[in-house]
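What follows is one structure encoded as structure tokens, with my remarks underneath.
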Amino acid sequence: TQRAVAQALLEVHRETPLQAVVSTGDNIYPQGVESIHDQHWKKFTDVYEDALLQLPWYAALGNHDWRGNVVAQQEFSAVHPSWHMPFRYYTATLGEYELSQNIIVIDTTSLLRGDETQLLWLKETLQTVKSPWVVGHHPLRSYGHYGDNSVLLKQLQGLFNTAEVPLYLCGHDHDLQLIQHPDDAFTCVVSGAGAATRETRKGEHSLFASSDPGFAILEWQQNSKTVSFFNKSVSKMYRHVLFT
């Protein structure tokens, strides 16, 4: 299934070239890696075609990555030119010039364990980075297997609302979802269906939900930003204008 999703992503890239790939965690499933030489890195290098591996991949850590050596995932940045994970949490810029988009990548597994240092860093970073998309592994909102995460909501919802974060990108639930809760300034994009999937459902504040294997494509121009969901057959299942 992962190879089928990868092939679908490649076909989208050939039709409309992508700027980058964002991985929402559980990068090497199910046990992470132990070193930069771990054979399980083939789940990245052997599954995705050269055209995709020439793109920058910005990766967040997932709970399954923490079952291995998370420092090895950071060190892999020096080994593979496409892999970007300078630290467990970091900032990056997608695109160029007037069409660039700032992202803040966080380590939600560590936050759930009470990482006050990261939380302080995030508070300070949100004061300086304009309109960032935040990328983490665990959803704040979900109608899938895990549901809403009360700990992360308590830690992050107020920060995101104050900083007017427009988008939170996450995985963990093995499905595709788009949620706009009236208490949130941000839209929650769940994209965790790159391989194995679970049944999900639409809830009160769902805009879209699917259990199909697939991925989300984010597009932005000067006056509009959209998210589209594709399945492994390269069918566009849903498209939504996020804001203009």
Interatomic spacing from CG in Leu159 to CG in Leu119 - rounded to 0.5 Å
6.0 Å
Starting from the C-alpha separation in whole Å, work towards a yes-or-no answer on side-chain contact (heavy atoms from CB on, under 4.5 Å) for Tyr143 and Lys202.
CA-CA 6 Å; Tyr143 295 103; Lys202 294 188 75 172; over 6 Å; no
Heavy-atom closest contact (Gly144 atom, Thr200 atom, distance)
CA-OG1, 3.4 Å
Spacing of Gln31 atom CD and Arg67 atom CZ [to the nearest 0.5 Å]
5.5 Å
Output the distance between atom CG (Leu120) and atom OG1 (Thr125), rounded to the nearest 0.5 Å.
9.0 Å
Give a yes or no on whether the backbone of Tyr29 and the side-chain of Asp26 come within a donor-acceptor separation of less than 3.5 Å.
no
Do Val5 and Leu218 share a hydrophobic cluster (ILVMFWY, side-chain heavy atoms under 4.5 Å, transitive)?
yes
Would His80 and Phe44 count as a ring-ring contact (aromatic ring centres under 6.0 Å, His included) if you check the C-alpha gap in whole Å, the side-chain angles of each, and the deciding distance to 0.1 Å?
CA-CA 11 Å; His80 198 287; Phe44 170 65; 5.3 Å; yes
Qualifying residue for side chain to side chain contact (heavy atoms under 4.5 Å, CB included) with Gln177, from Val190, Leu207, Val189:
Val190
Spacing of OG1 belonging to Thr16 relative to CD belonging to Glu219, to within rounding of 0.5 Å:
7.0 Å
Could you point out which residue of Lys43, Gln2, Arg3, Gln54 forms a side-chain hydrogen bond (donor to acceptor under 3.5 Å, both in side chains) with Tyr48?
Gln2
Side chain Asn102, main chain Thr91, donor-acceptor under 3.5 Å:
no
Do the side chains of Lys232 and Asp212 get close enough for a salt bridge, i.e. N-O under 4.0 angstrom?
no
Passing candidate, ring pair (Phe, Tyr, Trp, His ring centres under 6.0 Å) with Trp83, options Trp57, Trp41, Tyr58
Trp41
For Pro132 and Pro166, the nearest pair of non-hydrogen atoms, with its separation, is O-CD, 3.2 Å
Partner of His137 under side-chain hydrogen bond (donor to acceptor under 3.5 Å, both in side chains), picked from Thr109, Thr24, Asn63, Asp107, is Asn63
Backbone of Ser131 reached by a side-chain donor or acceptor of Gln101 within 3.5 Å:
yes
Taking Leu242's backbone N and O only, do any of them form a donor-acceptor pair with His240's side chain (distance below 3.5 Å, no angle check)?
no
Output yes when a side-chain donor or acceptor of Ser77 lies under 3.5 Å from a complementary backbone atom of Gln74, and no otherwise.
yes
Looking at side-chain heavy atoms only, is the closest gap between Leu94 and Gln19 below 4.5 Å?
no
Do the side chain of Asp184 and the main chain of Phe186 share a donor and acceptor less than 3.5 angstrom apart?
no
Please answer whether the main-chain N or O of Ser110 pairs with a side-chain N or O of Gln118 as donor and acceptor at a distance below 3.5 Å.
no
Can you tell if the side chain of Thr108 reaches within under 4.5 Å of the side chain of Ile106, non-hydrogen atoms only?
yes
CA sep, side-chain torsions, deciding dist, call: Leu153, Asp148, side-chain contact (heavy atoms from CB on, under 4.5 Å)
CA-CA 8 Å; Leu153 279 170; Asp148 290 359; 4.1 Å; yes
Would one find more than 12 heavy atoms of other residues, nucleotides or ligands at under 6.0 Å from atom CD of Gln180?
yes
Backbone N/O of Asn69 and side chain of Asp38: donor-acceptor pair under 3.5 Å:
no
Asn231 (side chain) donor-acceptor with Gly214 (main chain) under 3.5 angstrom:
no
Is there a donor-acceptor contact under 3.5 Å linking the side chains of Gln73 and Asp65?
yes
Using side-chain heavy atoms (C-beta onward) and a distance below 4.5 Å, is Trp220 in contact with Val227?
no
Quick check against the 3.5 Å criterion: does Asp175 have a side-chain atom that pairs as donor or acceptor with the backbone of Ser211?
no
What distance separates Ile104 CD1 from Leu126 CG, expressed to the nearest 0.5 Å?
4.5 Å
In the structure I gave you, are the side-chain heavy atoms of Leu18 and Ile217 within less than 4.5 Å of one another anywhere?
yes
One should read off an interatomic distance between Phe87 CZ and Trp121 CH2, to the nearest 0.5 angstrom, of 9.5 Å
Using the ring centroid of each side chain, check whether Tyr146 and His172 are separated by less than 6.0 Å.
yes
For Cys188 and Cys170, the nearest pair of non-hydrogen atoms, with its separation, is SG-SG, 3.8 Å
Let me know which of Phe229, Phe215, Phe230 forms a side chain to side chain contact (heavy atoms under 4.5 Å, CB included) with Leu176.
Phe229
Within 45° of the axis and under 6.0 Å from the centre of the six-membered ring of Trp66, does NZ or CZ of Arg88 qualify?
no
